[in-house]
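Structure first, commentary second.
Values in this document were obtained by computation on a predicted structure and should not be read as measured data.
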Number of protein chains: 2
Amino acid sequence: MRPPGARGATLKDVADRVGVHPGTVSRALNPATQGMVNPDTVRKVQRAAKELAYRPNPMARGLKTSRSMTVGIIVPDITNPLFPPIVKGAEAVLTEAGYTCLIGNTDNDIDRERDVLEAFIGRQVDGLIVASAQLEDEVLRHAADGDRPLVLVNRRVEGARIPLVVGDDAGGMEMAVRHLAELGHTRIAHLAGPQFLSTGRARARAFRQSMHEFGLTVDPNLVLECATYSVEAGAAAAAALFEATDAESAPTAIACGNDQIAIGTCDVLRERGLRCPQDVSVVGYNDMPYVDKLAPPLTTIRVPHALLGAEAARIMLRLLTGEDTATSVISLPVELVVRGSTAPPR
Amino acid sequence: MRPPGARGATLKDVADRVGVHPGTVSRALNPATQGMVNPDTVRKVQRAAKELAYRPNPMARGLKTSRSMTVGIIVPDITNPLFPPIVKGAEAVLTEAGYTCLIGNTDNDIDRERDVLEAFIGRQVDGLIVASAQLEDEVLRHAADGDRPLVLVNRRVEGARIPLVVGDDAGGMEMAVRHLAELGHTRIAHLAGPQFLSTGRARARAFRQSMHEFGLTVDPNLVLECATYSVEAGAAAAAALFEATDAESAPTAIACGNDQIAIGTCDVLRERGLRCPQDVSVVGYNDMPYVDKLAPPLTTIRVPHALLGAEAARIMLRLLTGEDTATSVISLPVELVVRGSTAPPR
DNA sequence: ATGAAAGCGCTAACAG
DNA sequence: CTGTTAGCGCTTTCAT
């Protein structure tokens with residue numbers, strides 16, 4: 001009789017049943033070494049393994065091989081609709097390859113990021129996929145020096161050579177500005193995301209650049225940074241924007257750093273008796289779920305988040321198998337989705 | 001010089017540095033056994049451990065103790081806004097207690113549920129928190145017989161004694177119906193969630209019961225089941241509802257099985273030229289993020305999802321430490337949030 | 001082609 | 001209070 005804590009059959013159990021040595025069973029069951037054992041034995045071993053519902057103990061294996069077959073995925077906040085698709089995309093390809101994923105939240109706090117990172121490293125994860133990077137991220141810069149593969153997704157770190165998968169922020173913002181310019185807007189505002197995040201910075205830069213490109217001038221009073229990527233911060237910035245402008249100088253269109261900021265902006269518009277899109281057009285960024293159900297449905301830039309996650313995972317896999325030595329940087333195309341929140345100026 | 005795969009200092013490294021036996025170091029570092037070692041030695045060991053940045057190898061420890069200090073969390077779809085708060089709530093509690101979480105998606109597919117479950121059990125998780133349960137869930141009924149703690153969250157399984165944390169579905173639906181009844185509605189429809197899920201079933205049952213309670217009759221033509229908890233299925237059911245009724249028998253209010261169904265319903269209303277809430281009131285369920293931004297803002301039942309996750313994790317912890325032997329069933333109170341999608345009938 | 005044996009890093013039972 | 005020892009389940013080198 002097994003002790004109560006018994007977790008299942010071991011290699012030895014299988015060996016006993018077939019009447020061979022545990023080492024042989026190990027070889028027979030491992031596809032890589034299966035060639036060095038008698039096909040007959042292999043079959044018998046496989047049958048016995050199935051009968052006993054043998055499952056290799058990953059801890060024993062990991063202890064021996066010093067690989068855990070786990071990958072840590074670190075996100076700022078799984079509750080932000082942006083990140084679940086990234087996680088899901090990454091998890092799908094990693095699971096397929098036999099890896100299990102650990103998920104950690106940092107709440108955008110760099111101290112918690114370090115804690116999660118250390119916990120995962122303590123857990124012996126084989127690699128790390130990080131979506132919570134800040135532009136100045138010593139924690140990650142340091143982690144990148146370790147011997148453990150690190151892949152960034154969605155956000156980048158300044159001055160570190162780390163493999164990376166992002167959406168094309170510059171291209172996306174250019175589409176947004178072009179769309180507004182083509183509608184005939186000239187006084188276009190930008191409510192930027194936090195400038196300590198690469199997405200916030202890249203989109204803000206792209207905004208200015210695109211404005212020039214389309215022959216429009218950037219009014220400094222019409223470019224504000226939001227403290228966070230939230231509805232509240234977006235509303236606060238939008239309110240400040242209208243406080244600082246009069247009827248003459250007020251924008252007729254606003255390109256927002258992300259969808260939450262756009263939602264906050266629409267709230268403020270409503271409060272102030274301005275109609276969207278008739279009085280002010282608004283463009284979001286990300287195409288979060290259900291922003292097509294808002295009133296008006298939000299025009300936004302669609303980022304293929306699940307793909308981002310999947311690509312990051314593929315890079316991770318290549319890093320893990322040593323196939324890939326170069327530091328890949330992948331920028332995935334984004335897409336303008338025109339809905340009801342944008343229209344020509346009056 | 002360390003081999004390239006070196007993951008850090010071992011117990012032996014620390015022991016060598018202090019000049020004691022590895023066993024002593026183990027005792028000195030483990031709070032539970034720390035009492036049996038000379039305080040002086042403890043201090044020296046701790047210092048050495050810190051200097052060498054010693055981190056216990058969880059695989060070695062797990063191999064020995066046959067506990068992995070991991071808990072698997074299984075959700076239908078992390079991409080559904082309902083589940084991230086549950087995961088986050090559970091993770092916070094579990095992480096605090098030194099556990100690490102594995103997250104798995106089932107896509108509401110019972111075969112994938114089994115796969116994930118097996119993968120997690122293969123991973124030697126110490127316990128499982130499952131949010132993807134179906135009413136007839138052989139996989140889980142079977143898993144519950146194992147020696148590994150299992151806690152259900154949000155959804156239950158029929159006829160299995162498994163610890164459980166759910167929102168008060170009966171109470172929530174009663175609030176919804178009462179709200180509509182008090183507004184003066186009498187022809188109230190219910191677009192139910194899938195009846196193979198406990199939430200769908202419980203809310204449908206509560207709908208009928210509450211209707212009787214408030215002296216209203218349930219028109220069988222006004223109760224339809226949605227194939228899934230999605231916008232599309234909700235829209236399909238809503239369309240069917242209006243196809244099957246005429247101006248006389250059409251509902252003036254609809255209690256929906258969840259928010260997605262409510263969103264689909266509102267879409268159909270709009271298509272048919274019916275205004276919400278003037279012509280038809282709509283109540284959702286769950287209070288997903290941003291449903292307060294819809295037009296009209298959705299009246300709904302708020303379920304404390306993060307709390308659900310946290311409670312489930314607390315039960316898990318008690319099960320894991322053996323403190324708790326009873327099969328707890330916790331039903332958490334929900335709350336009616338009245339917004340713009342409900343009004344008196346005309 | 002297979003058996004034997006060592007050892008991954010840790011804990012725990014037993015000695016001293 | 002501390003050292004010794006055995007062994008968790010597996011992989012892998014070395015014999016045979």
Is there a donor and acceptor pair closer than 3.5 Å between the side chain of [X] and the base of [N]?
X       : N      : value
A:Lys64 : C:dG7  : yes
A:Arg61 : D:dT12 : no
B:Arg55 : C:dG9  : no

Starting at atom [atom1] of [X], determine the distance to atom [atom2] of [N], rounded to an integer number of angstrom.
X        : N      : atom1 : atom2 : answer
A:Met59  : D:dT11 : CE    : P     : 15 Å
B:Gln124 : D:dC8  : CD    : P     : 14 Å
A:Lys44  : C:dA1  : NZ    : P     : 14 Å
A:Leu29  : C:dT2  : CG    : P     : 14 Å
B:Met36  : C:dG16 : CE    : C1'   : 15 Å
A:Lys12  : D:dG7  : NZ    : C1'   : 13 Å
A:Asn57  : C:dG9  : CG    : C1'   : 14 Å
A:Gln34  : D:dT11 : CD    : P     : 13 Å

Tell me, do A:Thr100 and A:Met69 make a side-chain contact under 4.5 Å, heavy atoms counted?
-> no
Measure from the side-chain heavy atoms of A:Tyr54 and tell me the nearest of D:dT2, C:dC10, D:dC10.
-> D:dC10
D:dG3, C:dA4, C:dC10: which one has an atom nearest the side-chain heavy atoms of A:Arg27?
-> C:dA4
Any carboxylate oxygen within less than 4.0 angstrom of a Lys/Arg side-chain nitrogen, looking at [X] and [Y]?
X        : Y        : answer
A:Arg114 : A:Glu138 : no
B:Asp16  : B:Lys12  : yes
A:Glu91  : A:Lys88  : no

Counting just side-chain N and O atoms, does [X] come under 4.0 Å of either OP1 or OP2 of [N]?
X       : N     : answer
A:Thr10 : D:dG9 : no
B:Ser66 : D:dC8 : no
A:Thr24 : C:dG3 : yes

Return the 5'-most residue of the pair A:Asn38, A:Gly23 with respect to DNA chain C, ranking by each residue's nearest nucleotide.
-> A:Asn38
Sugar-phosphate, base or nothing in reach of A:Thr41, heavy atoms under 4.0 Å | sugar-phosphate
Considering heavy-atom distances to DNA chain D, does B:Leu63 or B:Pro22 have its closest nucleotide positioned more toward the 5' end?
-> B:Pro22
With no hydrogens and no angle check, do the side chains of A:Thr106 and A:Arg112 hold a donor and an acceptor under 3.5 Å apart?
-> no
